[in-house]
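Encoded as structure tokens, the structure appears first; notes follow it.
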Amino acid sequence: MRKTKLGGRFTFTGTALTVHRIGYGAMQLAGPGVWGPPRDPDAALAVLREAVEAGANHIDTSDFYGPHVTNQVIRKALHPYPKGLVIVTKLGARRPPDRSWQPAISPKDLKAGVHDNLRHLGLDALDIVNYRAMGAGHGPEEGSIAEPVTVLADLQRQGLIRHIGLSNVTAAQVAEAQAITGIVCVQNHYNLAHRHDDALIDDLARRGIAYVPFFPLGGFTPLQSSTLSKVAGRLGATPMQVALAWLLHRSPNILLIPGTASVAHLRENLAAGQVALSPETLAELDGIAGEPAGVDH
Ligand SMILES: NC(=O)c1ccc[n+]([C@@H]2O[C@H](COP(=O)([O-])OP(=O)(O)OC[C@H]3O[C@@H](n4cnc5c(N)ncnc54)[C@H](OP(=O)(O)O)[C@@H]3O)[C@@H](O)[C@H]2O)c1
């Protein structure tokens with residue numbers, strides 16, 4: 001794959017929304033445990049502003065990060081939003097005072113969630129809302145998602161949501177949702193070492209639907225692998241840049257939303273499109289998924 005600025009562009013099928021393939025995930029901007037204010041509020045504003053100034057125009061967020069904190073920080077840093085910025089949020093969970101993650105999928109919860117996102121982001125309509133199935137934590141679990149997706153489709157008809165995506169779902173759940181409304185993206189756990197969704201990614205690619213891996217760098221415990229470090233050293237890149245470049249090479253429908261609270265890490269991540277990987281190096285990196293446990297935490 002040739003070197004590209006921010007990984008090149010992707011248009012969400014059936015929409016007027018075009019983004020660079022390297023975007024930014026805002027979850028790390030909330031405090032420890034995704035709870036409370038940022039550790040460093042000025043750095044949080046700086047990360048968002050630099051991401052957008054560098055051309056990143058896909059920001060992933062949720063009102064349950066903080067809760068409310070990341071949306072409020074995004075608004076403070078970037079409102080009024082530049083033309084072309086696509087903010088993707090998600091519904092389906094709430095954070096009670098004990099800081100746990102609980103499902104919030106009744107029609108009342110989902111409607112309130114849309115209005116909370118609109119208010120905290122300072123928007124009249126949300127570009128893309130992912131229905132985040134709670135499943136089994138960071139992994140999906142079979143079961144109907146028709147009821148909440150139907151509620152989101154109603155909110156879309158009311159003009160409060162422009163497009164609908166899904167998160168933490170199985171292929172069967174994607175098919176079920178598509179029978180109800182258009183689905184523009186799927187956001188599941190996937191990275192160099194965690195490849196349960198290989199078949200789903202290929203299927204979505206054939207249909208032009210975006211696949212947006214969460215935990216692209218391994219999440220709360222970033223990826224560690226001697227193969228990754230060796231390749232990075234050889235290419236003069238960092239391991240995290242190689243992990244992101246591998247995702248860009250993996251499939252043209254993959255969009256990246258790496259999370260960081262650090263401007264230095266943001267710069268590294270945004271430059272991952274400059275890392276070209278040969279077929280031999282891709283094959284070497286593919287081997288990481290088969291390495292002994294401990295690579296992906
Ligand atoms: N749909 C879902 O259920 C779901 C679940 C989880 C996350 N998400 C979304 O996906 C986004 C990405 O996931 P994530 O932020 O949890 O995990 P991630 O992007 O895989 O990794 C973030 C971790 O990597 C570190 N990091 C980032 N860039 C780095 C670099 N260049 N070098 C070294 N370390 C680096 C960060 O620490 P520093 O802050 O120190 O850089 C942070 O600890 C989130 O921000 C969120 O928007 C969605």
Side-chain angles (χ1 to χ4, degrees), residues 6-7 17 19-82 84-95 99 101 113-114 116-123 126-132 138 161 163 165 167-168 185 187-189 191 210 212-220 222 240 244 247 255-270 272:
L6 296 171
L17 306 178
V19 293
H20 280 116
R21 291 181 65 207
I22 304 182
Y24 174 72
M27 188 177 83
Q28 304 292 339
L29 296 183
V34 199
W35 188 271
R39 283 190 185 89
D40 181 343
D42 290 338
L45 297 175
V47 165
L48 285 161
R49 289 176 182 149
E50 176 144 347
V52 169
E53 273 161 27
N57 54 358
H58 174 198
I59 295 182
D60 185 78
T61 185
S62 170
D63 210 54
F64 49 74
Y65 296 158
H68 320 306
V69 168
T70 61
N71 281 348
Q72 289 164 342
V73 174
I74 289 169
R75 180 179 184 161
K76 186 168 179 193
L78 302 175
H79 197 279
Y81 300 114
L85 180 68
V86 176
I87 298 178
V88 180
T89 189
K90 56 189 83 68
L91 296 176
R94 67 185 173 84
R95 306 289 304 281
R99 304 186 180 194
W101 302 75
V114 165
D116 286 347
N117 275 279
L118 290 170
R119 191 170 61 256
H120 293 133
L121 287 167
L123 291 168
L126 301 168
D127 283 329
I128 301 179
V129 173
N130 287 325
Y131 170 64
R132 206 290 186 184
H138 296 311
I161 295 176
H163 304 286
S167 178
N168 205 36
C185 55
Q187 185 178 123
N188 277 3
H189 183 182
N191 59 45
V212 187
F214 73 74
F215 295 159
L217 299 174
F220 294 103
M240 295 299 124
L244 294 176
L247 285 167
L255 306 182
L256 303 183
I257 50 163
T260 180
S262 139
V263 170
H265 286 168
L266 172 79
R267 286 181 189 151
E268 258 185 40
N269 299 344
L270 295 181

With the side chain counted from C-beta on, respond yes when I257 and H58 share a heavy-atom pair under 4.5 Å apart, and no when they do not.
-> yes
Which heavy atom in A261 sits nearest to a heavy atom in A43, and how many Å separate them?
-> O-CB, 4.2 Å
For R94 and G113, indicate whether the former's side chain and the latter's backbone hold a donor-acceptor pair under 3.5 Å.
-> no
So do the side chains of N269 and L217 get within less than 4.5 Å of each other, counting heavy atoms only?
-> yes
Under a 4.5 Å cut-off applied to non-hydrogen side-chain atoms, are D60 and V212 in contact?
-> no
Contact summary for P38 and V73, nearest pair of heavy atoms | CG-CG2, 4.0 Å
Tell me whether the guanidinium CZ or amine NZ of R95 lies under 6.0 angstrom from the six-membered ring centre of W101 and within 45° of its axis.
-> yes
The residue among V114, L118, I128 that forms side-chain contact (heavy atoms from CB on, under 4.5 Å) with I161 is V114
Among N130, D127, N117, T61, find the residue that satisfies the side chain to side chain donor-acceptor pair (under 3.5 Å) test when tested with T89.
-> N117
For F64 and G92, the nearest pair of non-hydrogen atoms, with its separation, is CE2-N, 4.2 Å
Would you say the side chain of R49 lies within less than 4.5 Å of the side chain of L78, judging by non-hydrogen atoms?
-> yes
Check the pair L126, I87 against side chain to side chain contact (heavy atoms under 4.5 Å, CB included), reporting the backbone distance first and the verdict last.
-> CA-CA 7 Å; L126 301 168; I87 298 178; over 6 Å; no
From NZ (K90) to CG (N168), nearest 0.5 Å = 11.0 Å
Sub-3.5 Å donor-acceptor pair from the side chain of Y24 to the main-chain atoms of L266, do we have one?
-> no
Heavy-atom closest pair, residues A54 and L6 | O-CD1, 3.4 Å
Do you know the tightest heavy-atom contact between Y81 and R75?
-> OH-CA, 3.4 Å
Under 3.5 Å donor-acceptor, H79 side chain and G122 backbone = yes
Do any N or O atoms from the side chain of H20 and from the backbone of G55 form a donor-acceptor pair under 3.5 angstrom?
-> yes
Mark yes or no for whether R132, through its side chain, and S167, through its backbone, hold a donor-acceptor pair below 3.5 Å.
-> no
Any side-chain heavy atom of P258 sitting closer than 4.5 Å to one from L244?
-> yes
With rounding to the nearest 0.5 Å, note down the distance linking CG in L48 to CD1 in I59.
-> 5.5 Å
How long is the gap from CG on N188 to CZ on F214, to the nearest 0.5 Å?
-> 6.5 Å
Taking every non-hydrogen atom, the tightest pair across N57 and G84 | CB-O, 3.6 Å
